[in-house]
Amino acid sequence: MKIIHINSYDGNGGAGRACIRLDKALKQEGIQSEIWVNYKFGNDHTIKSFNKGGFRKMITAFGILAERFISSFISKPIKIPFSYPFWGTDITKNKELQEADIIHLHWINHGFLRPKDLQKIAKLNKPIVWTFHDSNAFTGGCHVRYSCDHYEHECGNCPVLKTSNPSDASHDIWLQKNRAYKQLSFNIISPSNWMGGAASKSGLLKGFPVHVIPNTLETTVFNPHDKDISREFLGLSKDKFLILSGFMPSRNDLHKGTPYLIEALELLTKRVPAQKIELVVFGNRDNKNVPNFPVKTTFLGTISNDEKLAYCYSAVDVFLTPSLDDNLPNTVMESLACGTPVVSFTTGGIPDMVRHLTNGYLAEYKNSDDLANGLAWVLETPEKEILRRNASKIVRENFSETIVARKHIILYEQLLAKEPFEPVLSVITVVYNNVKDIERTVLSVINQTYSKIQYIIIDGNSNDGTIDIIKEYDQKIAKWVSEKDHGIYDAMNKGLALATGDYVIFMNSGDEFYSPDTVSDVFSSSSNADIYYGETEMYNENWENLGKRRHVAPETFTYKSFRFGMSVSHQAIYIKRSLAKPYNLNYQLSSDIDWILEAVKNSSKIVNTRKYVAKYMVGGMSKKRHRQSLKERFNIFTKHYGLIPNLLNHFVIAANLAFYYFKHRRTND
């Protein structure tokens, strides 16, 4: 498989860096991957340029400058980037491009690929993937939308342009793109849910498939370093609360939110003496309009060495980004990977990375006071080390090279196979007299963004109003029955008998899928597995979060994985229906363990989605009849592992349980 990545520049800017990181990650997975750019600044011989030689580079530079001049000429003097596609390049005669299996577009502005140049690429008859690093691809010229919704229709009356009317330049550009896109079939990759949602609303992209796959970074480079050593290396104070921020424009800059940063610092100094705080800034600096900061400020300048940048993140207490509109900023991901919490506004794709009060603080949008609250929270929290561990852990689990590369590879394989991997999933809910929770479970299933779901409900002849709620959603339920059964596993067997999907999962009353995108995320993690599994979050009967289970899902799942306990919960495992035998009714409370182990033994491809995929409500009959449940579990483990190994394993189980209870004063299953 040969992938050609196309970008305007070689690592100049966030899109370029993301492109290079993806290229490296794909190569590590054995994929033939190359980057081709319009203008090459660096000396990396692995990155190729469409414009070699002094004369062609000069012409290319002229086109870049010409587009930027015209764009600034027709725009108002406000710092909202706008591109007018005046100059372009026909790249279709390139031999490498013609031989590629997949053409992967990235950021293509600044005199590179106009709409009509993109239209020519369609004639190569290659699958095309396009990663949206900003909003330009689906607007009439703007790279940042803020609250403007004109892109949802045909643009025009653009608030950025000097001459604004229904037929202005933004409308003209929109029409150019519309003509080109009608000839150009491509799959969209959005690094964030926020960008993906906006792209789906665009009048230009109705019907285009959108895949949310984050950017990656080198986790071997961006990882935590000792704070004192990092500060000494950079010559920074060892006894101050250090706040890091990147790319410091002027006070008048809108996009980067500098005024809010200044206000937040001013508010923070009313709570904490200014002499105890220091702002550290790296990146470009507007020397003509340097703001007056209320605390001591150290400018590190542009840092092109990633190893040094990792020391910058590690040296500080918090990374502050007041950006008002950002896709999936590299700086946030880099900071978290280095174990440094992030404070930011709740905007763009940042919430995909920052979990409020877990690895950072998400402030109310454009609220400087709340931004200051976030800084104060990081300063005052007694769990700083936990905060730092959470920061790096989230990046390793969601944005590592291997995880992101594999998601891209799955998409590439699907495009080359012509047919996407979209199996039918039979979701089975078993319920009896649970009017309190059944609707929440039903909504969790029917609101999944994945369309190929067969929903089956097996009710045990409820008489508390549960059936009335089921009837309200009758049109969204493929099959439902209400009749007496001989226990939960008899009911589950009824569901299996009605299931016709390629895969089955049980989401019983009171449980939920983790998010609306869960099923889609599961099947996009790999193609044609026998079993998919993930992690589960626990909730009590009042639907209060109890955190993750005591038994953490194993990195690699085999039948031996259960020998010390049920490490994958029933709600978090998707099993190919051909492998799903009926439940053994000799077990009344723990037959699900036996059922899963039987399927695992007969599976050859088991995929860890590395995501939280379910929310599970603790309790149920296994808790109420706990002694019987434990006896059944012991018998099941003996059946699969043997009596003597099971006895030895139970010593480990008892020790682990005691240690967990001593530490947490609870025994989450």
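A quick note: this is a predicted structure, and the numbers were derived from the prediction, not measured.
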Given His5, His104, Met1, the one that forms side chain to side chain contact (heavy atoms under 4.5 Å, CB included) with Leu26
His5
So, [X] versus [Y]: side-chain donor-acceptor pair below 3.5 Å or not?
| X | Y | result |
| --- | --- | --- |
| Ser569 | Thr536 | yes |
| Asp352 | Ser192 | no |
| Glu364 | Thr346 | no |
| Thr358 | Asn390 | no |
| Arg396 | Ser392 | yes |
| Ser49 | Asn51 | no |
| Asp44 | Thr46 | yes |
| Ser524 | His211 | no |
| Tyr361 | Asp370 | yes |
| Asn109 | Arg68 | no |
| Tyr9 | His110 | yes |
| Asp134 | Trp107 | yes |
| Ser527 | Glu413 | no |

Can you list the residues that meet the side chain to side chain donor-acceptor pair (under 3.5 Å) rule with Lys605, with sequence neighbours excluded?
Ser526
Residues [X] and [Y] bridged, charged N to O under 4.0 Å:
| X | Y | result |
| --- | --- | --- |
| Glu29 | Arg406 | yes |
| Lys227 | Asp317 | yes |
| Glu96 | Lys2 | yes |
| Lys611 | Glu535 | no |
| Lys270 | Glu266 | no |
| Arg21 | Glu218 | yes |
| Glu334 | Arg17 | yes |

Which pair of heavy atoms, one from Ile394 and one from Phe399, lies closest together, and at what distance?
O-CD1, 4.0 Å
Would you check if the side chain of [X] reaches a backbone N or O of [Y] as a donor-acceptor pair within less than 3.5 Å?
| X | Y | answer |
| --- | --- | --- |
| Thr340 | Leu336 | no |
| Tyr39 | Ala61 | no |
| Asp517 | Ser520 | no |
| Ser525 | Thr609 | no |

Glu555 and Arg610: salt bridge (Lys or Arg N to Asp or Glu O under 4.0 Å), yes or no, with the steps?
CA-CA 8 Å; Glu555 178 65 23; Arg610 295 183 175 83; 2.3 Å; yes
Give the intermediate values and the outcome of ring-ring contact (aromatic ring centres under 6.0 Å, His included) for residues His143 and Phe82.
CA-CA 6 Å; His143 292 262; Phe82 187 96; 8.1 Å; no
Could you label the plane-to-plane angle of the [X] and [Y] rings as parallel, tilted or perpendicular, counting under 30° as parallel and over 60° as perpendicular?
| X | Y | result |
| --- | --- | --- |
| Phe299 | Phe293 | tilted |
| Tyr313 | Phe282 | perpendicular |
| Phe421 | Tyr532 | tilted |

Output the distance between atom NZ (Lys407) and atom CD1 (Ile189), rounded to the nearest 0.5 Å.
11.0 Å
Going from CG on Leu236 to OG on Ser230, what distance comes out if it is rounded to the nearest 0.5 angstrom?
9.5 Å
Step-by-step side chain to side chain contact (heavy atoms under 4.5 Å, CB included) determination, Tyr412 to Ile3
CA-CA 9 Å; Tyr412 297 152; Ile3 314 298; 3.7 Å; yes
Does the pair Tyr260 and Phe345 meet the rule for a side chain to side chain contact (heavy atoms under 4.5 Å, CB included), with working shown?
CA-CA 10 Å; Tyr260 297 97; Phe345 288 130; 3.7 Å; yes
Begin with the C-alpha distance, continue with both residues' side-chain angles, and end with the deciding distance and a verdict on side chain to side chain contact (heavy atoms under 4.5 Å, CB included) for Leu113 and Ile6.
CA-CA 10 Å; Leu113 297 180; Ile6 297 174; 4.2 Å; yes
Do Leu371 and Leu320 have side-chain heavy atoms sitting under 4.5 Å apart?
yes
Apply side chain to side chain contact (heavy atoms under 4.5 Å, CB included) to Val129 and Leu105, showing your working.
CA-CA 6 Å; Val129 173; Leu105 303 174; over 6 Å; no
Both conditions, 6.0 Å and 45 degrees, for the charged tip of Lys276 above the ring of Phe241: are they met here?
no
